[in-house]
Protein chains: 2
Amino acid sequence: MTTAAAQNINTWMTHLSSESQFHISVDCAIFGYNGETLQVLLMECDFPAYKGKWSLVGDLLKQNETINNAANRILYENTQMDNVYLEQVESFSGIDRHPLGRVVTLAYYSLINTSDYEVVSPTHIRLEWQDLEEITELAFDHKLILSRCHIMLKKQMRLSPIAFDLLPEKFSLNQLQKLYEVVLGVEIDKRNFRRKLKNQGLLIDVDEIQCDVSHRPAKLYRFDYSKYKSINNGNKLSFMI
Amino acid sequence: MTTAAAQNINTWMTHLSSESQFHISVDCAIFGYNGETLQVLLMECDFPAYKGKWSLVGDLLKQNETINNAANRILYENTQMDNVYLEQVESFSGIDRHPLGRVVTLAYYSLINTSDYEVVSPTHIRLEWQDLEEITELAFDHKLILSRCHIMLKKQMRLSPIAFDLLPEKFSLNQLQKLYEVVLGVEIDKRNFRRKLKNQGLLIDVDEIQCDVSHRPAKLYRFDYSKYKSINNGNKLSFMI
DNA sequence: TCAAAAGTGTTGCCGCTACACCCATGA
DNA sequence: TCATGGGTGTAGCGGCAACACTTTTGA
């Protein structure tokens, strides 16, 4: 370099050199709950160095989009999933993380109900929901990315009511509890769970019960979104368990 | 594009096109505590569109470094500060955020004691510690970046004992309390603060008192780093207030 | 009548908040 | 003796964890 000042992007440089450019990609860890287990949406990798391996859903950033926009576009182009709320996690920039050259990636995650979306690859790439617990290896550094995304998912699950987007509008307390147990990977005491939820005052008893179950039917509840929005949650440390 | 598959970075593409490359930068919000106020280290912007404005310390990523490495290098090259622990916050990728073209930035923050470092610009760019409260405008989107960094700093302050790196090895409880109040921007009850800290069991009474003060001298404590490391902090939600 | 899941209360502990006065020192 | 900051205790409340039995339903 000539001088540091000459190259500093915030000082007097009048153009950006064409050296020191990078590819930027987005990789999405889409977590899915199917009522039983926590899964992750993977695509089969057709890339020579990782042929047959599975990878997160990802692609390159384009010129006229922000990274957030790219994340939504890339998810849509690969799976036809639309209106998915994606949360940015962090960047991964290992020098050799991609065989074809320098690619810096931004990781995103989401959590959805697998039955709310029909996942279709418009490009005939194989897509598959796989149980998180059974994933042992992924292409690139995606195993690392996935584990960081799962950590962030668990944090968010404790702080915001994302669980209620994964259940039918009317749900039982046992359904809700099971969801928390699966995503967080912990066991929860039933009585304490119910007390805490009821004390939050955000569940509405819809005065209905389960049908067609061969045991005592459970009462059903709705989550009170408008009440939740109306109370100040900015400084809450723990919304849930 | 031909087909989405043909362009997908995780599939059969055998080279990365030279289109769709980006500049990547790092911007560091270095927070400094001087015993009185919370400050931020800024550099004067010599860049035409923002001439005379102040900006965060930042520069471009180079080919053979990770973003974390770049953050440390950039901080060192601009300020001679070494061994500063930087924490990544998030990316900023607004399409028009930089006048010279597409520059995606990764924001970092740190918190240091201003008297522990002599800040020197090797390139004669003006560097200045400015009180956070008095900063009204910054170049680029750095005001936004700064506010996001401050939010992250406050979160970390509540979860990990970074405060103790900012004080002398032996400190009084009032010094510690003032630090928390300044960084978090809140008032704290003295008795509750002391009780909580003492119950943590991580302060060691060094059996010394302040010297040369014209009032009752305070007892001094050390933070017990080794005890802190030995206890499991992974699942703690709140280390401090 | 059985299997299967739903539902329910109490106790003890701990941490949080709110709050006001005396103490030790140097000037 | 005064000014300055240092230092202390209590009471009430609320949340959290641990823990086991009864109820309702359909098969």
Would you mind reading off the distance between R194(A) atom CZ and dA18(D) atom C1', rounded to a whole angstrom? 17 Å

Whole angstroms only, please: what is the CG-P distance between N199(B) and dT17(C)? 13 Å

Separation of dT25(C) P from D212(B) CG (nearest whole Å): 14 Å

Pairs in or reaching into residues 79-94 of chain B: which pass salt bridge (Lys or Arg N to Asp or Glu O under 4.0 Å), with residues at least two apart or in two chains? E90(B)-R148(B)

Apply salt bridge (Lys or Arg N to Asp or Glu O under 4.0 Å) to D207(B) and list each qualifying residue two or more places apart in sequence or on a separate chain. none

Closer to the 5' end of DNA chain D via nearest nucleotide, is it R195(B) or N192(A)? R195(B)

Distance-only donor-acceptor hits, side chain of residues 163-171 of chain A, under 3.5 Å, sequence neighbours excluded:
from	atom 1	to	atom 2	distance (Å)
D165(A)	OD1	Y225(A)	OH	2.8
K170(A)	NZ	E208(A)	OE2	2.7

Given dA17(D), is OP1 or OP2 found less than 4.0 Å from the side-chain N or O atoms of K196(A)? no

For K154(B), all residues meeting salt bridge (Lys or Arg N to Asp or Glu O under 4.0 Å), sequence neighbours excluded: none

By salt bridge (Lys or Arg N to Asp or Glu O under 4.0 Å) - contacts of R194(A) (at least two apart): none

Taking the nucleotide of DNA chain C with the closest heavy atom to each, which residue, D189(A) or S172(A), is nearer the 5' end? S172(A)

In this structure, how many angstroms lie between the P atom of dC16(D) and the NZ atom of K198(A), rounded? 16 Å

Test item: side-chain donor near acceptor, T114(A) and N34(A), under 3.5 Å: no

State which residues pass salt bridge (Lys or Arg N to Asp or Glu O under 4.0 Å) with R126(B); sequence neighbours excluded, sorted by chain then number. E44(B), E128(B)

With sequence neighbours excluded, residues passing side chain to side chain contact (heavy atoms under 4.5 Å, CB included) with A71(B): V26(B), L86(B), Y108(B)

dG7(D) phosphate, OP1 or OP2, under 4.0 Å from R191(B) side-chain N/O: no

How many whole angstroms separate atom CZ of F171(B) from atom C1' of dG6(D)? 16 Å

Tabulated below should be each protein N or O lying under 3.5 Å from an N or O of nucleotides 3-5 of chain D; please produce it.
none

Nearest whole Å is fine: how far is dG7(D) P from Q175(B) CD? 11 Å

Under 3.5 Å side-chain donor-acceptor pair for E181(B) and Q177(B): yes

Based on the rotation axes of five pairs at each end, what angle does the helix from dT1(C)-dA27(D) to dA27(C)-dT1(D) bend through, to 10°? 10°

Quickly work out the D205(B) CG to dG7(D) P distance and round it to whole Å. 10 Å

Is it the case that the base of dG7(C) and the side chain of K190(A) share a donor-acceptor contact (distance under 3.5 Å, atom types as modelled)? yes

Atom-pair distance (CG on L203(B); P on dG7(D)), nearest Å: 13 Å

